[in-house]
Amino acid sequence: MNDNTAAVKEIKELLGDKVRRAYVRSFGCQLNVSDGEKIKGLLQKMGYIFTEDEQEADLIILNTCAVRESAEDRVFGIVGSMKKLKELKPGLIIGIAGCMTAQSHIADKIKKSYPQVDIVLGTSAINALPRLLLDALHGARFSADISEYDDFSEAVEQVRDSSFKASVPIMFGCNNFCTYCIVPYVRGRERSRRAEDIIEEVRGLVQNGYKEIMLLGQNVNSYGKDLENGMTFPQLLRELDKIEGDFVIRFMSSHPKDASKELIDTIFECKKVAKHLHLPVQSGSSEVLRRMNRHYDIDKYLGIIDYIYSRDPDFSLTTDLIVGFPDESDEEFRATLELIKKVRYDNIYSFIYSKRSGTKAAEMPDGISDEEKGQRMRELLSVQREVSSEHYKRFIGRTMRVLADDVSKKKQGYLTGKSNEFIIVEFEGDSSLIGQFVDVEITDAMNWAVAGKLKKG
């Protein structure tokens, strides 16, 4: 990818001493949020400051998600509503970035039907932003770049949303092609960053006071497979664990087909790697998993769980589940409920299946009504609430190390944070503690969190 230094310099000269405000809004997953932070980093380099009010912005960039068609419809609705804003502010520049725009038919649709949009930017073309923005500032009607680049924008400084929690992408793209998922088509094939660059970035973040490092990838377990003599993901975790400082390492997402004993051993043996694993199962039925093209069955999945619990029966697990996959039978759905009871997840992220054009699952016959899917979702959530209400009781009486990250939305004078086990913890405390590790003695358990008292000294 061409160096954008000249474009950045020219934009700064064009803007001069004028204050230019940018509104950047990211939708979807944490990888998208991280991309949004890189977009902000480039804009800051060009002289923009940021606003949370699109009405006062000179530049608007929507960083989009494509996981569900409803997400695309939402963005098109927002873009449509900006037509009036553009008429009121003819100099306003509007850009659409992210997974949604990586689909060529979407880029064509934007160009044809949404004349208020000036810039379209693909997921791996963030470094093209200065060039496209310069075109727009010079009056270009429409500029786009949705090419797939291997450039990871290592030189781009991110404008991070938090001063103590940082997301660090370690790889991009996906090779798995689950039948319901659009990600491989919009983020491309798996591409790993060099381990040296990741380690250097994390070391710099820790030196700057960051307490939580979240490693990101569509399937972090595949890290390094595309690199010549590259590290495996467990090896990368062990290298990051050696970095001096007081911080916790988390990661997501972890695909069960690549969740090895080496990975589990690494989690237990590293001091700074959180004692929690997010292991998306999607369904409790091996037949549904086959139709999903997940590359594992329930026996293999439970083998991983059994190995984890052989090391620590109280280990914290979370998962993703899809309800109502095409022609999911009642028996297949019941298998998912049984899996929840057997594994005893601390939390689940559940979704009603939504047809996604361009995926193989969208072509599958589906005789399940929306009403039935909704009923199944309610039943699944009820079962999980029972499981988590009981399972969270194991923490009562324990002292948990918690990274305080926000004031409580429910109780005045209380804070919330995440424990090493990725459990939400609520406790009484002053807001000055936000961004610090604290010890909390757990006294109560709910179905969504635990609560306790701050230990002094």
Side-chain angles (χ1 to χ4, degrees), residues 1-27 32-64 75 78-79 81-98 101 110-111 114-145 149 151-164 166-167 201 204-205 207-210:
M1 199 176 208
N2 293 334
D3 181 30
N4 56 34
T5 304
V8 170
K9 182 179 178 182
E10 188 171 346
I11 289 171
K12 287 190 74 173
E13 291 173 352
L14 273 174
L15 297 183
D17 294 331
K18 298 176 183 176
V19 175
R20 286 289 186 268
R21 292 179 172 83
Y23 171 85
V24 180
R25 181 178 178 184
S26 292
F27 301 80
N32 252 30
V33 173
S34 179
D35 286 347
E37 291 177 342
K38 288 182 178 180
I39 289 170
K40 285 184 175 180
L42 276 172
L43 293 175
Q44 182 174 264
K45 201 173 180 181
M46 290 181 272
Y48 283 86
I49 63 174
F50 302 104
T51 177
E52 296 299 316
D53 183 0
E54 62 186 52
Q55 300 292 324
E56 67 177 27
D58 302 290
L59 169 65
I60 294 173
I61 295 183
L62 302 179
N63 186 34
T64 63
V75 170
I78 294 171
V79 175
S81 69
M82 287 180 176
K83 184 177 181 180
K84 186 68 176 177
L85 185 59
K86 183 87 168 201
E87 291 172 353
L88 294 171
K89 297 177 65 174
L92 173 67
I93 295 173
I94 299 175
I96 313 295
T101 61
I110 292 171
K111 183 178 182 180
Y114 296 87
Q116 62 269 40
V117 175
D118 305 281
I119 294 171
V120 167
L121 192 67
T123 52
S124 66
I126 291 174
N127 255 354
L129 177 59
R131 172 171 53 84
L132 301 183
L133 181 54
L134 185 59
D135 289 344
L137 288 168
H138 281 311
R141 154 70 189 86
F142 183 83
S143 297
D145 190 337
Y149 296 99
D151 188 310
F152 299 131
S153 306
E154 298 290 359
V156 176
E157 292 184 14
Q158 294 171 241
V159 175
R160 298 188 181 273
D161 294 335
S162 170
S163 61
F164 58 91
S167 295
E201 180 177 354
L205 288 166
Q207 289 173 348
N208 286 325
Y210 282 84

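Starting from 1, each residue takes its place in the sequence as its number.
The distance from the CD1 atom of Ile11 to the CG atom of Leu137 is 5.5 Å, given to the nearest 0.5 Å. To the nearest 0.5 Å, atom CD1 of residue Ile110 and atom CD1 of residue Ile119 are 12.0 Å apart. Put simply, CD on Glu37 and CG on Asp161 are 4.5 Å apart, with the number rounded to the nearest 0.5 Å. Remark: Ile96 CD1 to Gln116 CD distance equals 8.5 Å, nearest 0.5 Å. To the nearest 0.5 angstrom, Leu121 atom CG is 6.5 Å from Ile126 atom CD1. The distance from the OH atom of Tyr23 to the CD atom of Glu56 is 11.5 Å, given to the nearest 0.5 Å.
Annotation: side chain of Thr51 is not in contact with side chain of Ile49 (no heavy-atom distance under 4.5 Å). The closest side-chain heavy-atom distance from Asp118 to Lys86 is below 4.5 Å. Using a 4.5 Å cut-off on side-chain heavy atoms (C-beta onward), Leu42 and Asn127 make contact. Here the side chains of Lys40 and Gln44 are not in contact, with every heavy-atom distance at 4.5 Å or above. Residues Pro130 and Glu10 fail the side-chain proximity criterion, which asks for heavy atoms closer than 4.5 Å. Within the 4.5 Å cutoff, side-chain heavy atoms of His138 are placed close to those of Leu14. Between Met82 and Leu92 there is no side-chain heavy-atom pair separated by less than 4.5 Å.
Enclosure of atom NZ in Lys89 by more than 12 non-hydrogen atoms of other residues, nucleotides or ligands within 6.0 angstrom is indicated. Crowding of Glu52 atom CD: a count of heavy atoms from other residues, nucleotides or ligands under 6.0 Å not exceeding 12.
Closest of all the heavy-atom pairs between Asp135 and Ser143 is CB-OG, 3.3 Å. Looking at every heavy atom in both residues, Ser26 comes nearest to Gly36 through OG-CA, 3.4 Å. Among all heavy-atom pairs drawn from Arg25 and Ile78, the shortest one is NH1-CD1, 3.6 Å. Closest approach of Thr101 to Gly98, counting heavy atoms only: OG1-O, 2.8 Å. Here the closest non-hydrogen pair linking Val117 and Phe142 is O-CD1, 3.7 Å.
Of the charged side-chain nitrogens involved, none lies within less than 4.0 Å of a carboxylate oxygen, so that Lys18 and Asp58 do not count as a salt-bridged pair.
Put simply, the side chain of Tyr210 gets close to the backbone of Ser162: a donor and an acceptor are under 3.5 Å apart. Checking side-chain atoms of Arg160 against main-chain N and O of Ser167 turns up a donor-acceptor pair under 3.5 Å. Of the possible donor and acceptor atoms, one in the side chain of Asn63 sits under 3.5 Å from a partner among the backbone N and O of Asn32. For Thr64 (side chain) and Ala97 (main-chain N/O), a donor-acceptor pair under 3.5 Å exists by modelled atom type.
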Exercise for the section: For Leu129 and Ile61, run side-chain contact (heavy atoms from CB on, under 4.5 Å): C-alpha distance rounded to whole Å, both residues' side-chain angles, the deciding distance at 0.1 Å, then the answer. Expected result: CA-CA 11 Å; Leu129 177 59; Ile61 295 183; 4.0 Å; yes

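In this structure Ala22 satisfies the side chain to side chain contact (heavy atoms under 4.5 Å, CB included) test together with Leu43, Tyr48, Phe50, Leu59, sequence neighbours excluded.
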